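Report on the structure given below.
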Amino acid sequence: SQSFQIVLFQELIDKDDLTAYRNFVKQYPAHPNKLAAEDSVYVKSIQNRSIQEYRNFIQQNPTNQNVGKAWRSIYKLYTANYSAKIIQDFKQQFPEYPFKEELQQDFNLANELFLPFKKNGLWGFMNDSGTIKISAQFTFVESFSEGLALVGLEDKLGYIDKLGDVVVPFEFEEAYSFKNGIAIVGKNQHFGVINRVNRSVVPFKYDFIEPFHSNIALAASELGYGFISSAGKELTSFDFSYATDFYEGYALVTKGGKMALLDTSFQVIIAFNYTKLS
């Protein structure tokens with residue numbers, strides 16, 4: 001009965017366990033909440049959103065409705081440092097990838113130059129032959145970087161691929177282009193860093209994050225200035241009242257009204273004895 005089905009699914013939700021969801025899908029294939037259970041299996045299988053987790057999910061749940069989504073996520077992660085060669089490597093590494101036509105199309109587009117153009121106040125992209133590839137529909141665009149372009153729609157920013165598909169939703173107030181598979185983005189007055197599947201690799205808790213150099217970036221929080229890695233690790237305390245980016249291997253920092261010089265290992269080269277260094 002319908003009431004039994006409702007109670008059955010509610011018990012499953014109460015357990016909120018991956019094995020329970022997976023068993024439910026197998027035991028009750030005709031249940032009206034089967035697809036919802038499949039979604040829960042998917043979400044709980046990819047807690048870290050790594051390539052290995054996505055592969056395990058596909059192997060363990062071959063009929064799940066989210067298998068295609070998992071494959072596309074593997075592709076985005078694998079091709080973080082986007083190039084035609086990386087796409088070719090992916091084809092060899094994952095011959096079972098189901099979207100072969102899309103893959104070939106992406107490979108063909110990888111080396112095609114896309115140029116921004118403006119028409120009727122909106123931006124799009126054309127190739128170097130003047131053929132329009134993505135119609136003028138955005139209020140702001142930057143050039144493609146690593147296969148993705150930062151674009152704006154009204155007052156929000158997101159990222160598209162060369163097919164014109166939205167890869168990262170329009171949810172940011174500020175953003176940088178992708179570099180080395182990650183992008184600095186800002187929303188709700190805080191900055192963080194995302195990867196190509198829109199997973200936060202640096203939490204949204206900073207007042208600003210400067211561009212990364214050798215996987216190190218200057219950042220600021222409510223506590224002060226400090227430095228972070230591209231993996232989200234805080235490399236120093238955030239108790240500097242001021243700091244600069246690294247230049248030729250050195251950064252200036254200020255604490256207690258005194259300045260010091262750090263190297264990229266964050267060793268103090270010149271101690272906090274001076275009111276001014278340059």
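Each residue takes its place number in the sequence, starting with 1. FYI, side chains are in, hydrogens and waters are out, and symmetry mates aren't considered; it's all heavy atoms of this structure. Treat the numbers as computed from the prediction; the structure is a model and nothing was measured.
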Examine Y206 together with F238 and report whether their ring centres are nearer than 6.0 Å.
yes
With a 3.5 Å distance limit and no angle check, can you tell me whether E171 reaches the backbone of G158 through a side-chain donor-acceptor pair?
no
Within 45 degrees of the ring normal and closer than 6.0 Å to the centroid, is that where the cationic atom of K44 sits relative to Y21?
no
Are any of the side-chain nitrogens in K34 or E38 under 4.0 Å away from the carboxylate oxygens of its partner?
yes
Cluster link F99 to L163, ILVMFWY, side chain under 4.5 Å:
no
Sole residue of V167, D161, L148, I51 in side chain to side chain contact (heavy atoms under 4.5 Å, CB included) with K76:
V167
Do T236 and Y225 pass the side-chain contact (heavy atoms from CB on, under 4.5 Å) test, and can you show the C-alpha distance, the side-chain angles, and the key distance before you say yes or no?
CA-CA 9 Å; T236 66; Y225 291 77; over 6 Å; no
Please report the closest heavy-atom contact between L103 and Y75, naming both atoms and the distance.
CD1-CE1, 3.3 Å
Please answer: with hydrophobic residues joined when any side-chain heavy atoms are less than 4.5 Å apart, are L153 and I134 in the same cluster?
yes
In terms of heavy-atom contacts, A260 and I270 come closest through CB-O, 3.1 Å
ILVMFWY network linking M126 to F114, side-chain heavy atoms under 4.5 angstrom:
no
Would you say that Q104 contacts N108 through its side chain, given a criterion of any heavy-atom pair below 4.5 Å between the two side chains?
yes
Is the ring centre of Y82 less than 6.0 Å from the ring centre of F178?
no
Counting N and O atoms only, with roles assigned by atom type, does the side chain of T139 sit under 3.5 Å from a partner on the main chain of E154, one being a donor and the other an acceptor?
yes
Sidechain-backbone polar pair: T79 side chain, I86 backbone, donor-acceptor under 3.5 Å
no
Taking a hydrophobic cluster as the set of Ile, Leu, Val, Met, Phe, Trp and Tyr residues connected by side-chain heavy atoms closer than 4.5 Å, whether directly or through intermediates, do Y159 and F204 fall within one such cluster?
yes
Does the side-chain contact (heavy atoms from CB on, under 4.5 Å) test come out yes or no for E174 and F191, once each step is laid out?
CA-CA 8 Å; E174 297 186 61; F191 282 84; 3.6 Å; yes
So F227 and F240, would you call those rings parallel, tilted or perpendicular, with 30° and 60° as cut-offs?
perpendicular
Please check if I58 and F94 belong to a single hydrophobic cluster, counting links between Ile, Leu, Val, Met, Phe, Trp and Tyr side chain heavy atoms closer than 4.5 Å.
yes
Atom CG in L157, atom CD in E173: separation rounded to 0.5 Å?
8.5 Å
Between N180 and N81, is the side-chain contact (heavy atoms from CB on, under 4.5 Å) condition met? List the steps.
CA-CA 6 Å; N180 297 323; N81 297 322; 4.2 Å; yes
Exercise: identify the closest heavy-atom pair between L77 and N195:
CD2-ND2, 3.8 Å
Between F246 and F266, does the ring centroid distance fall short of 6.0 Å?
yes
How close do A37 and F24 get, heavy atom to heavy atom, and via which atoms?
CB-CD2, 3.7 Å
Quick one: does any side-chain atom of K162 pair with a main-chain N or O of E112 as donor and acceptor, under 3.5 Å?
yes
Measure across F90 and I74 and return the closest heavy-atom pair with its distance rounded to 0.1 Å.
CE1-CG2, 3.9 Å
L150 versus S177: any side-chain heavy-atom pair under 4.5 Å?
yes
Residue pair L18, S45: steps toward the side-chain contact (heavy atoms from CB on, under 4.5 Å) verdict:
CA-CA 7 Å; L18 173 59; S45 297; 3.6 Å; yes
The single option from V201, V168, I182, V202 that satisfies side chain to side chain contact (heavy atoms under 4.5 Å, CB included) with I194 is V168
Is the backbone N or O of R49 less than 3.5 Å from a side-chain atom of E53, with the two atoms forming a donor-acceptor pair by type?
yes
Heavy-atom donor-acceptor pair, S214 side chain to I216 backbone, under 3.5 Å:
no
Are any non-hydrogen side-chain atoms of L252 and Y247 less than 4.5 angstrom apart?
no
I160 and F144: which non-hydrogen atoms are nearest, and at how many Å?
O-CE2, 3.7 Å
Any donor-acceptor N or O pair under 3.5 Å, side chains S50, N48
no
Give me the ring orientation class for W71 and Y97: parallel if the planes are under 30° apart, tilted from 30 to 60°, perpendicular past 60°.
perpendicular
